[in-house]
Asker: 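Before I ask anything, here is the structure I am working with.
First listed ligand is number 1; within each ligand, the first listed atom is number 1. The model shown is predicted, which means the values in this text are computed figures rather than measured ones.
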Amino acid sequence: MVMSLLMLHKAAVLVSIIGFFARGIGHIFQHNWITKKPVKIVPHIVDTLLIVSAVAVVAMTGFSFSDPWIVAKILGLIAYIGLGLMAFRFAKTRGAKALYWLLALVVLFYLVAVAVHKQAWPF
Ligand code: HEM
């Protein structure tokens, strides 16, 4: 059960990162496909799966929500969501969109490194 949830978490992470990368390009270069309904809905489903599977894995294993690396992941996730909102909803200029998108990708890179090394500062 835990292994399946972990696989779900990893799969959701992969799809979320690929989707976020692609949507960023779509937004920055004002492609039409980013206005399609599935492009707006699917990321919410994927990110919900990512979070629910993460919480379930923590709850079902010896990890704790107060472990520094888990706290770092929760804070990083909040930063990722905030930067994504800035990039895709609030930023008006192409430069601002690109900047928030790039910062979110840096946060994603950090979160993957945190997960692999299980350290709040993995570098
Ligand atoms: C965008 C946000 C997140 C990303 C990019 C991410 C990424 C990853 C990755 C790549 C792994 C696999 C690591 C490995 O197999 O070596 C992983 C595992 C894990 N993640 Fe996340 N994660 C995120 C959010 C979260 C959150 C919010 C939590 C906690 C509430 C969490 C808890 C876990 C746990 C417990 C594992 C299992 C570690 C293990 O047993 O190897 N993740 N995560």
Asker: Where does the angle between the aromatic ring planes of Phe21 and Trp101 fall among parallel (under 30°), tilted (30 to 60°) and perpendicular (over 60°)?
Answerer: tilted
Asker: So, does Lys118 use its side chain to make a donor-acceptor pair with the main chain of Ala115 at under 3.5 Å?
Answerer: yes
Asker: Tell me the protein N, O or S atoms under 2.8 Å from atom 21 (Fe) of ligand 1, in chain and number order.
Answerer: His9 NE2, Lys73 NZ
Asker: Just jot down the side chain to side chain contact (heavy atoms under 4.5 Å, CB included) partners of Phe65, sequence neighbours excluded, or say none.
Answerer: Val55, Val58, Ile70, Ile74
Asker: Can the ring centroids of Phe20 and Tyr80 be said to lie less than 6.0 angstrom from one another?
Answerer: yes
Asker: As a quick check of understanding, evaluate side-chain contact (heavy atoms from CB on, under 4.5 Å) for Val39 and Thr35, giving each step before the final call.
Answerer: CA-CA 7 Å; Val39 178; Thr35 59; over 6 Å; no
Asker: Considering Phe63, Tyr110, Tyr80, Phe20, which one's heavy-atom position lies nearest to atom 35 (C) of ligand 1?
Answerer: Phe63
Asker: Could you find the nearest protein heavy atom to atom 38 (C) of ligand 1 and give me its residue, atom name and distance?
Answerer: Lys118 CE, 3.6 Å
Asker: Around atom 34 (C) of ligand 1, find the nearest protein heavy atom and jot down its residue, atom name and distance.
Answerer: Trp69 CH2, 3.8 Å
Asker: Pick whichever of Val2, Val52, Leu6 has a heavy atom sitting closest to atom 37 (C) of ligand 1.
Answerer: Leu6
Asker: Can you run down the side chain to side chain donor-acceptor pair (under 3.5 Å) pairs that involve residues 40-53, sequence neighbours left out, and say none if there aren't any?
Answerer: His9-Ser53, Ser16-Asp47
Asker: For atom 16 (O) of ligand 1, find the nearest protein heavy atom and state the residue, atom name and distance (0.1 Å precision).
Answerer: Val116 CA, 3.7 Å
Asker: Are Leu49 and Val2 grouped together when hydrophobic residues (ILVMFWY) are joined by side-chain heavy atoms under 4.5 angstrom apart?
Answerer: no
Asker: Sequence neighbours left out, what pairs pass side chain to side chain donor-acceptor pair (under 3.5 Å) with at least one residue falling in residues 56-78?
Answerer: Ser64-Ser66
Asker: Enumerate the atoms of ligand 1 whose separation from the nearest heavy atom of Val58 is less than 4.0 angstrom.
Answerer: 29 (C), 35 (C)
Asker: May I ask you to identify, for Thr61, whether its side chain, its backbone, both or neither come under 4.0 Å of ligand 1 on a heavy-atom basis?
Answerer: neither
Asker: Can you tell me the protein heavy atom closest to atom 27 (C) of ligand 1 and the distance?
Answerer: Leu77 CD2, 3.8 Å
Asker: What orientation do Phe123 and Trp121 show, parallel under 30°, tilted 30 to 60°, or perpendicular over 60°?
Answerer: perpendicular
Asker: In terms of hydrophobic clusters joined by side-chain contacts under 4.5 Å, are Leu103 and Leu111 together?
Answerer: yes
